[in-house]
Amino acid sequence: MHLHLKYPLEPDSAPRHAAAVVEAALDISGAELDYSPASIELVEDIVDSFRSDGATCDEMAESLAEFGCYVGEILVLHAGGTWREGTDTDSPVPLVVELPGRRRCHPVDWVFRRLEHGSDVSVRALYATAVHGEAGEV
């Protein structure tokens, strides 16, 4: 998948992608994303609206990647995470957030999976598992 983004999709630019989607969400839908864990519900609602409009992951890849960066920034700000390069070649975006205890999270993948599978994939539940779960990958 080739993404056309303003900044490269790498650990140092993930916060800029998150900030860009916060601004876009406010401009387009009036959604106020405030970097709180509760705001993940708004992300799910927005992604669900893409799904109900029939959008595909390929069509929405840039937006999904930025929403994933937003969710990742919540992990950074509220759970002590750090952006890292991912090594999973099956991932649409090779970025992860590493939490204390060496837990690795894939928030960008979570958002892509939400569009693909709908409410069967709960970004909120994945976030909670990542923050409160055991070491490993989420």
Next item on the list: Look at the side-chain heavy atoms of Ile, Leu, Val, Met, Phe, Trp and Tyr, link any pair under 4.5 Å apart, and say whether Leu77 and Leu42 land in one connected group.
Entry: yes
Check: What residues, two or more places apart in sequence or in another chain, satisfy salt bridge (charged side-chain N to carboxylate O under 4.0 Å, His left out) together with Arg16?
Finding: none
Item checked: Test log, rule side-chain contact (heavy atoms from CB on, under 4.5 Å), inputs Val76 and Glu73 -> CA-CA 5 Å; Val76 169; Glu73 277 299 289; 3.9 Å; yes
Note to self: Test: side chain to side chain donor-acceptor pair (under 3.5 Å). Region: residues 46-55. Which pairs qualify, not counting sequence neighbours?
What the structure shows: Asp48-Arg114
Notebook entry, point to check: Which atom names give the shortest non-hydrogen contact between Val47 and Val111, and what distance separates them?
Noted result: CG2-CG1, 3.8 Å
Next item on the list: Could you list the residues that satisfy side-chain contact (heavy atoms from CB on, under 4.5 Å) with Ser36, not counting sequence neighbours?
Entry: Asp34, Ala38, Ser39
Checklist line | Nearest non-hydrogen partners of Pro11 and Pro15, listed with the distance | finding: O-CD, 3.7 Å
Check: Taking only residues two or more places apart in sequence, or in another chain, which ones meet Ala20 in a side-chain contact (heavy atoms from CB on, under 4.5 Å)?
Finding: Glu66
Checklist line | Minimal non-hydrogen separation, Trp83 against Gly72, with atom names | finding: CZ2-CA, 3.5 Å
Margin query: Can you give me the closest heavy-atom contact between Ala14 and Cys69, atom names plus distance?
Written below: O-CB, 3.6 Å
Notebook entry, point to check: Shortest non-hydrogen contact from Gly81 to Leu99?
Noted result: CA-CD2, 3.6 Å
Next item on the list: Using the salt bridge (Lys or Arg N to Asp or Glu O under 4.0 Å) rule, collect all pairs that involve residues 4-13, keeping only residues at least two apart or in two chains.
Entry: none
Margin query: One pair to check against side-chain contact (heavy atoms from CB on, under 4.5 Å): Leu33 and Leu26. What are the steps and the verdict?
Written below: CA-CA 8 Å; Leu33 299 175; Leu26 184 60; over 6 Å; no
Check: Can you check whether Leu115 reaches Met60 side chain to side chain, under 4.5 Å on heavy atoms?
Finding: yes
Next item on the list: State which residues pass side-chain contact (heavy atoms from CB on, under 4.5 Å) with Glu116; sequence neighbours excluded, sorted by chain then number.
Entry: Cys57
Margin query: Suppose we screen for salt bridge (charged side-chain N to carboxylate O under 4.0 Å, His left out). Which residues come up paired with Asp45, at least two apart in sequence or across chains?
Written below: none
Item checked: Test side-chain hydrogen bond (donor to acceptor under 3.5 Å, both in side chains) applied to Arg124 - qualifying residues, sequence neighbours left out -> Glu44
Item checked: Nearest heavy-atom neighbours spanning Gly68 and Pro107 -> O-CB, 3.6 Å
Notebook entry, point to check: Any sub-3.5 Å donor-acceptor pair from Arg103's side-chain atoms to Ala130's backbone N or O?
Noted result: yes
Next item on the list: Take Leu64 and Val108, measure what side-chain contact (heavy atoms from CB on, under 4.5 Å) needs, and give me the verdict at the end.
Entry: CA-CA 7 Å; Leu64 296 173; Val108 177; over 6 Å; no
Next item on the list: Report the C-alpha separation of Val131 and Leu75 in whole Å, then their side-chain angles, then the decisive distance to 0.1 Å, and conclude whether the side-chain contact (heavy atoms from CB on, under 4.5 Å) test is met.
Entry: CA-CA 8 Å; Val131 171; Leu75 286 161; 3.9 Å; yes
Notebook entry, point to check: Would you say Ile40 and Ile74 make side-chain contact, with heavy atoms under 4.5 Å?
Noted result: yes
Notebook entry, point to check: Which pairs, with at least one residue in residues 16-68 and sequence neighbours excluded, count as a ring pair (Phe, Tyr, Trp, His ring centres under 6.0 Å)?
Noted result: Tyr7-His17, Tyr35-Tyr70
Item checked: Atom CD of Glu85: over 12 foreign heavy atoms under 6.0 Å -> yes
Check: Can you name the residues that form a side-chain contact (heavy atoms from CB on, under 4.5 Å) with Ala24, not counting sequence neighbours?
Finding: Ile28
